[in-house]
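We count ligands from 1, going down the list as the structure has it; atoms in each ligand are counted the same way. Owing to the predicted nature of the structure, the values given are computational and were not obtained by experimental measurement.
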Amino acid sequence: MSEQASNQRIYSRIAGTGSYLPEKVLTNDDLAKFVDTSDEWIASRTGIRERHIAAEGETTGDLAYHASVRALEAAGVDASELDLIVLGTTTPDLVFPSTACLLQHRLGANGCAAFDVNAACSGFVYALSVADKFIRTGSAKTVLVVGSETLTRMVDWSERTTCVLFGDGAGAVVLKADDETGILSTHLHADGGKKELLWNPVGVSVGFKENEKNAGVRIRMAGSEVFKYAVKALDAIVDETLEANGLDRHDIDWLIPHQANLRIIEATAKRLDMPMDRVIVTVDKHGNTSSGSVPLALDAAIRSGKVERGQMLLLEAFGGGFTWGSALLRY
Ligand code: ACO
């Protein structure tokens, strides 16, 4: 599904960003104390050096709240002005109500629409795309978009092939309707046929108990298969996004990718003929935070002064489902 905004009068402009990482840091060396791995293996295969772990009792909603407060502050927007909250997560606080509803109440934004989007690591890009549609159609003027996860809650800490990859964190953006600039297009895809390459095969309807069909709430991943599929899918979506906007790859100022693996990020940068100093990399600091990763990277890029107003940004993500998506925007 793609949409081009060439003659669009209303754009969704990023008015402010925020992010939040839990206090506790787990380094690669810390991990090597209880699982058969090493800093050298993890850093060379993934680029990850450390990740943050939510404290006991600290939830996805808590992380989302702190990131959202910072984004609202940066945008100069009061929560009461929000028309909509869309929150990407695959680790909601509760089965229901949605984490977006819990967040809405905590922010004091009562009355506005609020819902979650589950697209695994593409959750934020999916949520951003949905929010953009609301703004473009005139259904909303001010929207909070969040990506928040406590992925480590479903990590098997004895499984070295997955436990080294994931971390907890959240990022948020406030979008405002603007008649001049903002999101140019978003592109979303999915391939449900590959679910067993990256999944957590438990749930309300299937059941949470260990049995032949499933074995506890934990992430399973066929790493190298996911890696190959992700690189191909991201290559294709980069081309699709540029083509939809009549742009050349050299028109992009910054690539802000999903932070799963530095080697996947480098492959996409190569496709764009982009030097790595035009790519935002934060995976070393927080590992794969799923939906949290793109807005965390975006916020870091903006707050560090790297990304400036008027620049062209390409956001992309890939995750379980499979799902993948992109957003091209003038900041
Ligand atoms: N420490 C040390 N050795 C390890 C570790 C570890 N943590 N994990 C695996 N190994 C070993 C394996 O056992 C294997 O050993 P063997 O050759 O003796 O059998 C060897 O290292 C190579 O394993 P591979 O799985 O082939 O390693 P690969 O180079 O593919 O890297 C990785 C694995 C990092 C998981 C990579 O495949 C990857 O990043 N895949 C993509 C993951 C991803 O991007 N997910 C995104 C979405 S996540 C989401 O949506 C929730």
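Looking at ligand 1, you'll find an N or O of G223 within less than 3.5 Å of one of its N or O atoms. Taking any N or O of N288, backbone or side chain, none lies under 3.5 Å from an N or O belonging to ligand 1. Annotation: I264 places no N or O atom under 3.5 Å from an N or O atom of ligand 1; distance criterion only.
A donor-acceptor distance shorter than 3.5 angstrom exists from the side chain of D168 to the backbone of L151, with no hydrogens or angles considered. Looking at D178, its side chain does come within 3.5 Å of a backbone N or O of E180 through a donor-acceptor pair. A side-chain donor-acceptor contact under 3.5 Å links H52 to the backbone of P22.
Looking only at protein heavy atoms, the nearest one to atom 31 (O) of ligand 1 is R263 NH2, 3.7 Å. Nearest non-hydrogen protein atom to atom 43 (C) of ligand 1 is V226 CG1, 3.9 Å. Counting protein heavy atoms only, atom 34 (C) of ligand 1 is closest to T46 CG2, 3.5 Å. Atom 8 (N) of ligand 1 has W41 CH2, 3.3 Å as its closest protein atom, hydrogens excluded (heavy atom only). For atom 49 (C) of ligand 1, the nearest protein heavy atom (residue, atom name, distance) is C121 SG, 2.7 Å. Scanning all protein heavy atoms for the shortest distance to atom 28 (P) of ligand 1 gives R45 NH1, 3.5 Å.
Not a single protein heavy atom sits closer than 4.0 Å to atom 25 (O) of ligand 1. There is no protein heavy atom closer than 4.0 angstrom to atom 16 (P) of ligand 1. For atom 6 (C) of ligand 1, the nearest protein heavy atom lies under 4.0 Å away. The nearest protein heavy atom to atom 13 (O) of ligand 1 is closer than 4.0 Å. Within the 4.0 angstrom cut-off, atom 19 (O) of ligand 1 has no protein heavy-atom neighbours. Atom 37 (O) of ligand 1 is approached by the protein to below 4.0 angstrom, counting heavy atoms only. For atom 3 (N) of ligand 1, a protein heavy-atom neighbour is present inside the 4.0 Å cut-off.
Applying the 6.0 Å contact sphere to CZ of F34 captures more than 12 heavy atoms from other residues, nucleotides or ligands.
Using a 4.0 Å cut-off to heavy atoms of A260, the atoms of ligand 1 that qualify are 44 (O), 46 (C). Interface atoms of ligand 1 facing V164, defined by a heavy-atom separation under 4.0 Å, are 7 (N).
A salt bridge links R271 to D239: one of the charged nitrogens lies within less than 4.0 Å of a carboxylate oxygen. Ion pair D62/R106 flagged as a salt bridge, since at least one NZ, NE, NH1 or NH2 atom sits closer than 4.0 Å to an Asp/Glu carboxylate oxygen. A salt bridge links R49 with D39: at least one charged nitrogen is closer than 4.0 Å to a carboxylate oxygen. At a threshold of 4.0 Å, the pair D30-K33 counts as salt-bridged, since one of the basic side-chain nitrogens sits closer than that to a carboxylate oxygen. We find that D36 and R160 are joined by a salt bridge, their nearest charged nitrogen and carboxylate oxygen being less than 4.0 Å apart.
Between the choices H258, R160, E159, the shortest heavy-atom distance to atom 11 (C) of ligand 1 belongs to R160. Considering K228, M221, M154 only, the shortest heavy-atom separation from atom 42 (C) of ligand 1 involves M221. By heavy-atom distance, the residue among V35, L198, T37 lying nearest atom 1 (N) of ligand 1 is T37.
The closest side-chain donor-acceptor pair between E40 and S38, if any, does not fall under 3.5 angstrom. Looking at T186 and K133, their side chains do bring a donor and an acceptor atom within 3.5 Å of each other.
Aromatic ring centres of Y126 and W324: separated by at least 6.0 Å.
Ring geometry for F134 versus F115: interplanar angle of 30 to 60°, hence tilted.
Residues N288 and V283 have side chains not in contact (no heavy-atom distance under 4.5 Å, counting atoms from C-beta outward).
Within the 4.0 Å heavy-atom criterion, the part of N261 lying near ligand 1 is the side chain and not the backbone. Under 4.0 angstrom from ligand 1, the non-hydrogen atoms of S224 come from both its backbone and its side chain.
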